[in-house]
Structure formats: structure tokens, C-alpha cells
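These notes are about the structure you will find just below.
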Amino acid sequence: HSSRSSAPALSSTVLDTPSLPTSCSIAPRRSQRPPDVRVSVVGAALLRDDPPRVLASRRTAPPRLAGLWEFPGGKVDPGETDEQALVRELQEELGVDVVVGDRLGGDLLIGETAVLRVYTARITAGEPTLVDHDEHRWLALHELDDVPWIPVDLPLVAELRTLLAP
């Protein structure tokens, strides 16, 4: 991940005024950059046993991600913990109640302003319905590569292999 700024480079300007020598170079002063705004996003690797499977959901938007598969979830609202946000998002997106488990992997950057954290979870009530997605699939270990995942979720798919292994 690059730490270079995407701000345009500022060039020095030579001023020709009576109060300054013509050889004086003045660069505009750069204001301090505000701290990076981070949006927290949570996702769920929803697990089911017998046989071990994980839920994958196919996105419908935005256009560049439509048709790709993801772990369902959404943004963490101000004042919410990751776990509270995940419970709320899965109720809104899938119509299910869940119990949130352990973190899966580390923080994953989404663009320059958001970070994704994925947790394992299990459904305690309901069956996934289609609200924000156009298809859900319960994937077994040997099916994880059957769907095209959104790029940010790919590192976690690899970690799922150990969770789904018999």
C-alpha cells in the first residue's frame, strides 16, 4: 500500500516585485492534510455445519462489482461496535438473526477511505432472503473457487479453507 499522496504537486513561483529580489522563490504553504477518514465496514463469513459451508452473496451494485460474490455486511454506524453493526446489517440485508464469532483475518483496505473487518457468524433464526443481493449460495470447501469473489474478500477465502476442512 502506497503512502504517496494523491494531491497535486505544488510548484514554486518566482515573484517579480519591488519588495522581493527577483531570485527569491516562494512556494505556496501547504495546509496540513486532514487525517484520513476511515469508514468501517463489517462482513460475515456465515458458517453452517453438516457439511461445513459458508454463505456467499452476489452483488447487484455498484456496476463495477455487480455479479461478484461477497461476504454480506455493511457500514458500521457511529456509536456501534463491529458486532452490533454486523447483527443489524445481517437482519436488514438477509432477514436473519446471528451470533457473531471470531475475526477472520486482519483489516482489509477498501479503496483509500474504508477498512473491512470480517467475522465468522452463525444464524440463530431465519433463512437468508434476497434484499441487497440477487443470489445466495452455501459453498462447501471444494466450491469456494466456483464463484468470482470481490477482490477485497479474496484473502479471506483462503483463510476459510481451514475452517471448512473436515
Side-chain angles (χ1 to χ4, degrees), residues 1-6 33-166:
H1 301 272
S2 176
S3 61
R4 290 187 308 179
S5 172
S6 60
R33 213 171 110 181
D36 289 339
V37 176
R38 290 277 180 222
V39 174
S40 293
V41 178
V42 289
L46 276 170
L47 301 175
R48 183 172 270 178
D49 296 321
D50 200 23
R53 293 173 289 164
V54 65
L55 186 74
S57 299
R58 190 167 61 188
R59 293 187 62 119
T60 58
R64 65 186 171 80
L65 296 176
L68 299 180
W69 295 74
E70 70 176 354
F71 300 114
K75 291 180 183 170
V76 178
D77 287 339
E80 277 185 320
T81 65
D82 286 358
E83 292 82 0
Q84 290 168 331
L86 201 51
V87 167
R88 176 185 51 76
E89 284 287 345
L90 295 178
Q91 181 53 240
E92 292 172 4
E93 275 192 23
L94 305 179
V96 297
D97 294 332
V98 299
V99 59
V100 178
D102 297 329
R103 272 288 292 276
L104 183 65
D107 287 358
L108 299 169
L109 291 179
I110 304 171
E112 295 181 16
T113 60
V115 63
L116 171 67
R117 289 184 291 276
V118 174
Y119 294 81
T120 61
R122 293 188 180 270
I123 295 174
T124 57
E127 281 297 318
T129 57
L130 297 173
V131 176
D132 288 344
H133 301 92
D134 66 356
E135 188 176 345
H136 299 302
R137 284 191 201 167
W138 288 101
L139 302 175
L141 174 64
H142 66 280
E143 298 169 312
L144 289 176
D145 296 323
D146 289 356
V147 298
W149 292 91
I150 62 171
V152 71
D153 283 353
L154 276 175
L156 302 175
V157 172
E159 292 199 32
L160 271 175
R161 294 183 196 289
T162 57
L163 287 178
L164 296 177

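These numbers come from a predicted model, not from an experiment.
Taking every heavy atom of both residues into account, S57 and H136 meet most closely at OG-ND1, 2.8 Å. In terms of heavy atoms, A45 sits closest to L160 at CB-CD2, 4.2 Å. Of all heavy-atom pairs between P155 and P151, the closest is CD-O, 3.7 Å. Residues D82 and Y119 share a closest heavy-atom pair of OD2-OH, 2.6 Å. Annotation for W149 and L139: closest pair CZ2-CD1, 3.8 Å, computed over non-hydrogen atoms. The minimum heavy-atom distance between L90 and A44, with the atom names listed, is CD1-CB, 3.6 Å.
The side-chain hydrogen bond (donor to acceptor under 3.5 Å, both in side chains) test applied to D153 returns no partner, not counting sequence neighbours.
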Practice task
Step by step, work out the side-chain contact (heavy atoms from CB on, under 4.5 Å) result for R161 and L144.
Solution key: CA-CA 8 Å; R161 294 183 196 289; L144 289 176; 3.8 Å; yes
Practice task
Please report the C-alpha distance between L104 and L163 in whole Å, then the side-chain angles of each, then the deciding distance to 0.1 Å, and finally whether the side-chain contact (heavy atoms from CB on, under 4.5 Å) criterion is met.
Solution key: CA-CA 10 Å; L104 183 65; L163 287 178; 3.9 Å; yes
Problem - Trace of the side-chain contact (heavy atoms from CB on, under 4.5 Å) decision for L130 with D134 - result: CA-CA 6 Å; L130 297 173; D134 66 356; 5.7 Å; no
Handout entry: From CA spacing to verdict: side-chain contact (heavy atoms from CB on, under 4.5 Å), R64, I150
Key = CA-CA 10 Å; R64 65 186 171 80; I150 62 171; over 6 Å; no
Report all side-chain donor-acceptor pairs from residues 120-129 shorter than 3.5 Å, counting only partners two or more places apart or in another chain.
| from | atom 1 | to | atom 2 | distance (Å) |
| --- | --- | --- | --- | --- |
| T120 | OG1 | D102 | N | 3.1 |
| T120 | OG1 | D102 | O | 3.3 |
| R122 | NH1 | D49 | OD1 | 3.4 |
| R122 | NH1 | D49 | OD2 | 3.2 |
| T124 | OG1 | D97 | O | 3.3 |
| E127 | OE1 | R48 | NH2 | 3.2 |
| E127 | OE2 | R48 | NH2 | 3.0 |
| T129 | OG1 | L94 | O | 3.0 |

Using a 3.5 Å cut-off and no angle test, enumerate the donor-acceptor pairs between side-chain atoms of residues 67-79 and protein atoms at least two apart in sequence or in another chain.
| from | atom 1 | to | atom 2 | distance (Å) |
| --- | --- | --- | --- | --- |
| E70 | OE1 | R59 | NH1 | 2.9 |
| E70 | OE2 | H133 | NE2 | 2.7 |
| D77 | OD2 | R88 | NH2 | 3.4 |

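Inter-residue side-chain proximity for V98 and L86 is flagged as unmet; no heavy-atom pair is nearer than 4.5 Å. Side-chain contact between L109 and R38: present, with at least one pair of heavy atoms (C-beta onward) separated by less than 4.5 Å.
Here the CZ atom belonging to R58 is positioned 7.0 Å from the CZ atom belonging to R137, to the nearest 0.5 angstrom. Considering CG of D132 and CD of E89, their distance stands at 8.0 Å, rounded to 0.5 Å.
The side chain to side chain contact (heavy atoms under 4.5 Å, CB included) test with V41 singles out one residue from V152, V115, I110, and that residue is I110.
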